[in-house]
Undergrad: 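Let me begin by handing over the structure; questions about it come next.
This one's a predicted model, so the numbers in the text were calculated from it and none came from an experiment. Letters A, B, ... are given to chains in the order of the sequence lines, protein chains preceding strands, and every chain is numbered from 1.
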There are 2 protein chains.
Amino acid sequence: MDTPAAVPRPLRRDAELNRLRIMAAAREVFAERGLEATLDDVARQAGLGVGTVYRRFPNKEALVDALFEEGFGRVVAAAERSLENPDAWAGMVNLVTELAEIQAADRGLRDIMLSEAYGRDRVAQLRDRIKPMLEQAVERAQRQGGLRADFRAADVPALLMMIAMTVEFGRDVRPEVWRRYLTMLLDGISARRDHPTRLPEPELDDDDMHEAMHAWPRLRWTTPTSTPEKRGPKVLSSEV
Amino acid sequence: MDTPAAVPRPLRRDAELNRLRIMAAAREVFAERGLEATLDDVARQAGLGVGTVYRRFPNKEALVDALFEEGFGRVVAAAERSLENPDAWAGMVNLVTELAEIQAADRGLRDIMLSEAYGRDRVAQLRDRIKPMLEQAVERAQRQGGLRADFRAADVPALLMMIAMTVEFGRDVRPEVWRRYLTMLLDGISARRDHPTRLPEPELDDDDMHEAMHAWPRLRWTTPTSTPEKRGPKVLSSEV
DNA sequence: ATAGAAGTGGAGGACTCTCCTCCACTTGCC
DNA sequence: GGCAAGTGGAGGAGAGTCCTCCACTTCTAT
């Protein structure tokens with residue numbers, strides 16, 4: 001019972017370097033392609049073999065998990081920042097916009113936040129963490145009369161999902177079109193509005209639309225059949 | 001060169017019956033589970049063997065194609081109806097709502113309209129068909145002053161994608177929540193609005209949210225690598 | 001300098017999942 | 001009653017994922 005798991009021995013110098021390489025590669029690959037990227041992809045990006053990656057991280061989930069600690073930090077920071085804005089409505093707009101920007105910039109984070117395929121626990125934790133902040137933001141903005149009274153903190157995730165959709169749609173043609181739709185949405189949740197807010201982006205023209213539709217990733221909503229859960233290594237519990 | 005492909009000989013009585021059974025089963029299965037359902041599923045639902053299904057339809061795409069002729073009819077009909085409404089804004093609201101309802105009721109149709117995985121040509125055709133109708137609807141609604149002036153017909157698909165997201169999210173917990181978000185969106189595209197429209201549905205409560213997030217299908221945006229295109233049967237065109 | 005612990009690469013195993021084929025057998029029709 | 005047409009469903013082909021395994025290389029402590 002001495003040093004139960006403490007000081008698990010430092011990695012060899014080269015190994016530590018590689019660990020950092022893996023993290024960096026994973027950040028990049030996941031941000032760019034989302035969690036559908038494989039550890040093989042990460043390894044290639046890092047200039048290492050898959051085996052090395054698996055030696056350091058027992059499985060994909062562990063790597064994702066290690067990585068998104070920092071992503072979550074960004075989300076929380078955005079929420080905190082918005083609460084400091086004396087104009088609560090502006091803060092609200094800012095918050096949603098920043099969250100959308102984070103998603104737009106990092107597909108991996110989007111996958112984590114919107115899909116729960118990985119890091120279920122961690123996401124729950126994040127939600128617990130920002131829920132009160134969202135509630136406060138909403139309450140303030142309503143009290144100041146900027147946000148429609150029937151809006152709820154629980155609506156924010158839905159908003160983000162909607163925006164995620166437009167982000168993805170425009171990605172290859174006009175990476176910023178989503179701001180157009182975010183603006184419409186925000187106009188929709190403002191308390192009163194004599195004139196529509198100026199849309200920051202033009203609509204997709206025929207060519208863009210055509211290309212977007214064509215290059216549009218085939219969206220799959222994999223229905224939860226037969227609890228795929230984790231798939232897990234083939235180690236059966238009966239192996240004992 | 002006589003009767004080139006005309007009157008391709010009627011099916012045997014039982015075969016014709018089975019063909020209808022297949023169509024009915026496909027309608028049901030695809031509407032319920034989307035295009036990710038396999039022809040095996042369709043066959044099972046029809047109480048037939050897969051072989052039978054493949055004897056009648058050369059591949060999945062052919063079946064999907066045969067089926068969605070009618071789905072497209074519904075879409076066009078909705079568009080026509082909305083154009084008849086003397087109140088152009090009401091017509092617009094109606095149009096978007098009906099399109100959303102169609103998607104909500106038929107996941108297969110949604111997949112076709114939003115993903116182009118199947119029936120690329122047919123979808124293009126549909127788009128050509130409704131595009132002018134949308135343009136007219138938009139133009140009318142703007143002229144009458146109901147719709148914000150910077151809205152474009154090309155924005156409608158984006159709106160529908162956003163709604164599709166919320167439809168899917170609420171599906172198992174509160175199949176109608178999407179109307180809440182559609183209402184916000186519509187408020188966002190109206191020209192002026194002193195008071196927000198009453199939201200037709202309450203937000204998801206904590207339990208709903210938790211369950212929705214948990215049962216939430218793992219959303220996959222399969223990035224178009226290596227042109228999956230069609231995969232197609234292995235019949236090469238060189239077979240001629 | 002060197003033993004041997006630690007680390008590495010990447011082919012390939014195990015698994016899953018989908019679309020579709022094949023062919024022995026059954027059924028309807030002239 | 002004969003035979004073309006139709007049927008069922010096991011299983012082949014192919015794609016793709018996660019991860020293991022182990023011969024080999026590299027570091028580091030003595």
Undergrad: If you compare all heavy atoms of B/Leu114 against all heavy atoms of B/Ala164, which two are closest, and at what distance to 0.1 Å?
TA: CD1-CB, 3.5 Å
Undergrad: Just the rounded figure in Å: distance from P of D/dC18 to CZ of A/Phe57.
TA: 16 Å
Undergrad: Looking only at side-chain N and O atoms, does A/Thr52 come under 4.0 Å of OP1 or OP2 in C/dG9?
TA: yes
Undergrad: When the nearest nucleotide of DNA chain D is assigned to B/Gly47 and to A/Leu39 on a heavy-atom basis, which residue is associated with the more 5' position?
TA: B/Gly47
Undergrad: Using a 3.5 Å cut-off and no angle test, enumerate the donor-acceptor pairs between side-chain atoms of residues 42-56 of chain B and protein atoms at least two apart in sequence or in another chain.
TA:
from	atom 1	to	atom 2	distance (Å)
B/Arg44	NH1	B/Asp41	OD1	3.4
B/Gln45	NE2	B/Glu28	OE2	3.1

Undergrad: Tell me if a side-chain donor or acceptor on B/Arg107 pairs with a main-chain N or O of B/Glu32 at a distance below 3.5 Å.
TA: yes
Undergrad: CG of B/Asp41 versus P of C/dC20: gap in Å, rounded?
TA: 14 Å
Undergrad: Measure from CZ on B/Arg44 to C1' on D/dG9 and round the result to the nearest Å.
TA: 11 Å
Undergrad: Atom CZ in B/Phe57, atom CZ in B/Arg19: separation rounded to 0.5 Å?
TA: 6.0 Å
Undergrad: Check each residue of residues 11-21 of chain B for a non-hydrogen atom within less than 4.0 Å of any atom in DNA chain C, then write out the ones that pass by number, or none.
TA: B/Arg12, B/Arg13, B/Asp14
Undergrad: Is there a donor-acceptor contact under 3.5 Å from the side chain of B/Lys60 to the main chain of B/Ala37?
TA: yes
Undergrad: Which nucleotide in the list C/dC20, D/dT7, C/dG7 gets nearest to the side chain of A/Arg56?
TA: C/dG7
Undergrad: First locate atom CD of B/Glu176, then atom CZ of B/Arg180, and finally report the distance between them rounded to the nearest 0.5 Å.
TA: 14.0 Å
Undergrad: Choose from C/dT8, C/dC20, C/dG10 the nucleotide whose nearest atom is closest to any side-chain atom of A/Val50.
TA: C/dG10
Undergrad: Just compare D/dC18, C/dC19, D/dT7 and give me whichever is closest to any side-chain atom of B/Arg55.
TA: D/dT7
